[in-house]
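Naming: A, B, ... by sequence-line order, numbering from 1 per chain.
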Amino acid sequence: MSDNPIETNSTQNDIQVDKASHVIQQIRDEIGKAIIGQRDVIDQVLIALFAAGHVLIEGVPGLGKTLLVKALSKTFDGAFSRIQFTPDLMPSDVSGHVMYDQRSERFNIRRGPVFTNLLLADEINRAPAKTQSSLLEVMQEQQVTIEGKAMPVPRPFMTLATQNPIEQEGTYPLPEAQLDRFLLKIQLDYPSEQEEAAMVKAVTTGHIGDVLDVSEVASVVKPETILALQKIAARIQVDAQVNEYAVRITRATRNWQGISLGAGPRGGIALIRAARAAALLAGRDYVTPDDIKTIALPALRHRVALSPELELEGHNTDFVLSTILEKVDAPRQ
Amino acid sequence: MQLDNVSAAIRPRNNYEALDLGFVLIREYWRPVFASWFAIVLPLFVILNIVLKDNLFLAVVVFWWLKPFYDRIVLHILSRAMFGEVPGVRQTFSALPSIFKSGLLTNLTFYRIDVLLRTFKLPVWQLEGLRGKQRRARHAILGQRVHSTGVMLLFACSLMESILCFTIFGTAYLFLPEGYQSGLWAQFTNPDTATWFQLASNISYFIAVSIIEPLFAAAGFTLYINRRTLLEGWDIELIFRRMAARLARLASSTVTSFVITACLLLVSFNPLLSEPAHAEKNGPTPEVVASERLHAGHSREVIDAVLAQDEFQNIKKIKTWFPLREDETTNPDDVDLDAVGRFMNGVAQVSEALLWALAVFVVAMIIVHRDRWLPLLSASKRVRNDYQPPETLFGMDIRPQSLPDDIGAAARNLWQQGQAREALSLLYRGSLMVLVNREQLELLESHTEGDVLKLCKQHLDNMQSTYLARLTHNWQNIAYAHRTPAADEALTLCNDWQTYFGEPA
């Protein structure tokens, strides 16, 4: 077995993964200084960052979404901007526009808020489809075209779009095709009692007003390190059996009773990409079926549509996906 | 009270007919009743709501408390209207002092809670004017057979009143703008809307009371009238009175009798007028008193003469059967059963015995098999016994017979032969076999290695769990990363397997 070429590569990967794991742990610790609890959410956001994906966060307001993004951007010294989506928001408000400067008698390009590393698109479903698609285009292409001039957005680039599960009146729900562009959909729940008590104490002690404080978060890496970590994550080894397992799960959603629209091939791709990053977070240089299973709910919950009967009975996609995971055979070795 | 002037037909009725008479009375005299009602009760309601405007709920409570007063107004009008004298609004107003004096204060205080036969007892207070022991004795006699009817009347009227009140309020509520329909209780407690909602409910209650209370009072009154008719024989008295009046009238006026005799002559001479239909048109044939009084024997002769006429000679013969010995009664027990009857009786007795035996058997079986059904009552304690250990898991054969007796030694052999993957696979399979068969851990095809580690925590001790975690890590390494573990690690795993997962001594 020692002459196995994979093994040689694996050993090199192992060293890189060890270093990466150390860096990731530092980032986690720094974010932990600003955000109390919500460990799963932090891990899932980091998974999306290292998998170079975008996330859709669903949760009621006031659970620390902005704080999370600010803290994360500070850990790698990245730029952060936020767009509050409203019904009158124009695509040029997102991507930027050309403006005539009378003094210099020239047209100047004013870059929009998308030229950043971490973009928080708050309540994305409040803006009309035109504005939504302008952002989704940037997410896909990683560049903005203004007046025929293509301008790439800085790397790493991640969008964290939020949606409010209540107050659906007057919103523009994202179409299934656009939801597909997000790598993960993260459910943000209320913190536990102890976490909330600790949070209230931490936020109100010695702070003036309710300004989000990330002063304690230190920058531990540079944006380039994040790009390097993304490269390492992309090289994480995936066994054929594990790959098949991801595909089996994705395919099972297509002809499952209770699901009217299953996940497309992008679902399987997202599963493997996210599982790679999850393995990196776990400090492994290979993906196990457990990684796939852990990340399956966030990676697939926005790619399937429930049948009306199940929705009427009050079930959600997580319930159906959990049933699928119970029924799909784990890899055979 | 002039019994002769009564406008209703006085006859013995059953209690529910008597109640119905009350409703008919209201239909007949609704104008004077409601005129006085709205002249007296409506202003009272308005005053109450104005005076108690800071606590409108109290206003409606006071309005409810004053109900015996309203009953008296209705009774005052109906009791007079029934005997031919219909009081107007002004007369009712002027009668208010007498109404107040007829024990109203007692009714509104001490006897307010005595609601069951309130309107039935009211005439004794108000019309008969009895007090103290006399009143109680009178109530006892009158109320003997009407109690259940009185309760039913109260129940029906209260129910109708509530239904009407809620219906009127609900109808008004439906027309409110959407924002005010969020929650009824919230609207009653919200300081901005509470006054208006309370006022609306008060008005609904007033309307409901205005419709139902006169009916309640009238039905109680006619129940009382009917009871007195039965007890005092009002119907018989009325007939006698009318007869006496009639005879007195005929006897006293000879001039009248002369005129009547003349009329009779006219009638008898005119053949057209003698037609019965025509005679009816001109009213009933007038009565006359004979000039001389005939003795009883003469009457007999006249009757016999009439019966001897041809019209009474139509005799028919009818044949029919009747028992000869009617006085003999038959006892069903003494019936001599015939053969079929005896057989049927036997069948019935045998069936009864069999059914009893079956019942005893069922009870005995329930007791004998209590272990089976008792756990069903406590579903949470139910233990699933139907789990069958799978033969293969993750594509690996984990039947005990498919594995060698000494798994640790066999794995070591494989490792030494360079078959690292097979060696670790054997160790992992062996562990799963132990978990599934010995520890009865319910593993499914969909469980991953991580799931197995989580699930087995309750079944294994710390040392076993640590060993299994190490084994799983090495197994995952070789399975998914194709990375062979260090020889020391692998050999330790092989050697320790028997310690943690071997057959217990």
Side-chain angles (χ1 to χ4, degrees), chain A residues 1-18 169 235-246 248-249 252 256 271-272 275-276 278-280 282-296 321-333, chain B residues 178-179 390-398 414-432 435-436 441-456 468-487 489-490:
Chain A
M1 282 247 161
S2 58
D3 56 349
N4 191 341
I6 299 169
E7 194 185 330
T8 324
N9 285 343
S10 297
T11 318
Q12 285 170 359
N13 272 354
D14 213 15
I15 299 160
Q16 281 184 335
V17 167
D18 275 350
E169 210 167 313
R235 283 204 301 268
I236 295 273
Q237 197 184 148
V238 181
D239 187 76
Q241 301 279 350
V242 179
N243 206 47
E244 279 170 25
Y245 180 51
R248 264 207 307 280
I249 291 173
W256 198 264
L271 262 184
I272 293 295
R276 278 195 157 112
L280 183 65
R284 266 183 279 105
D285 64 341
Y286 59 93
V287 176
T288 63
D290 287 306
D291 295 325
I292 302 276
K293 213 170 183 178
T294 315
I295 209 69
L321 286 174
S322 303
T323 322
I324 292 176
L325 291 176
E326 286 264 301
K327 298 288 176 192
V328 173
D329 292 354
R332 316 240 170 263
Q333 284 288 347
Chain B
E178 208 170 295
E391 294 184 346
T392 58
L393 207 62
F394 314 136
M396 297 185 283
D397 195 339
I398 56 163
L414 285 169
W415 174 264
Q416 282 159 355
Q417 289 165 21
Q419 293 176 300
R421 188 191 169 90
E422 285 75 9
L424 282 174
S425 169
L426 182 60
L427 288 179
Y428 194 64
R429 269 166 68 195
S431 309
L432 290 182
L435 285 172
V436 167
L441 184 67
E442 293 185 23
L443 290 180
L444 304 173
E445 291 281 343
S446 63
H447 283 149
T448 56
E449 289 87 354
D451 292 334
V452 175
L453 276 181
K454 273 184 219 154
L455 288 170
C456 72
L468 189 65
R470 254 172 62 208
L471 177 61
T472 306
H473 175 70
N474 283 293
W475 161 246
Q476 283 180 325
N477 250 323
I478 202 162
Y480 303 119
H482 309 279
R483 190 178 300 144
T484 314
E489 175 75 0

Problem set entry | Inter-residue atom distance B:Asn477.CG - A:Thr288.OG1, 0.5 Å rounding | 10.5 Å
Exercise. Which heavy atom of B:Glu449 sits nearest a heavy atom of A:Asp290, and at what distance?
Worked result: C-OD2, 3.8 Å
Problem set entry | Region of A:Val238 in contact with chain B, defined by heavy-atom distances below 4.5 Å | neither
Problem set entry | Close side-chain approach of A:Arg284 to B:Tyr480, heavy-atom, < 4.5 Å | no
For this session: First locate atom CG of A:Asp329, then atom NE2 of B:His447, and finally report the distance between them rounded to the nearest 0.5 Å.
Result: 11.5 Å
Seminar exercise, completed: So, the part of A:Ile292 with a heavy atom under 4.5 Å from chain B: the answer is neither
Seminar exercise, completed: Output for pair (A:Ile249 CD1, B:Ser446 OG), nearest 0.5 Å, gives 9.5 Å
Exercise. Does the side chain of B:His482 come within less than 4.5 Å of A:Tyr286's, by heavy atoms?
Worked result: no
Exercise. Just how far is it from atom CD of B:Gln476 to atom CG of A:Asp239, taken to the nearest 0.5 Å?
Worked result: 11.5 Å
Exercise. Is it the side chain or the backbone of A:Lys327 that comes within 4.5 Å of chain B heavy atoms, both, or neither?
Worked result: backbone
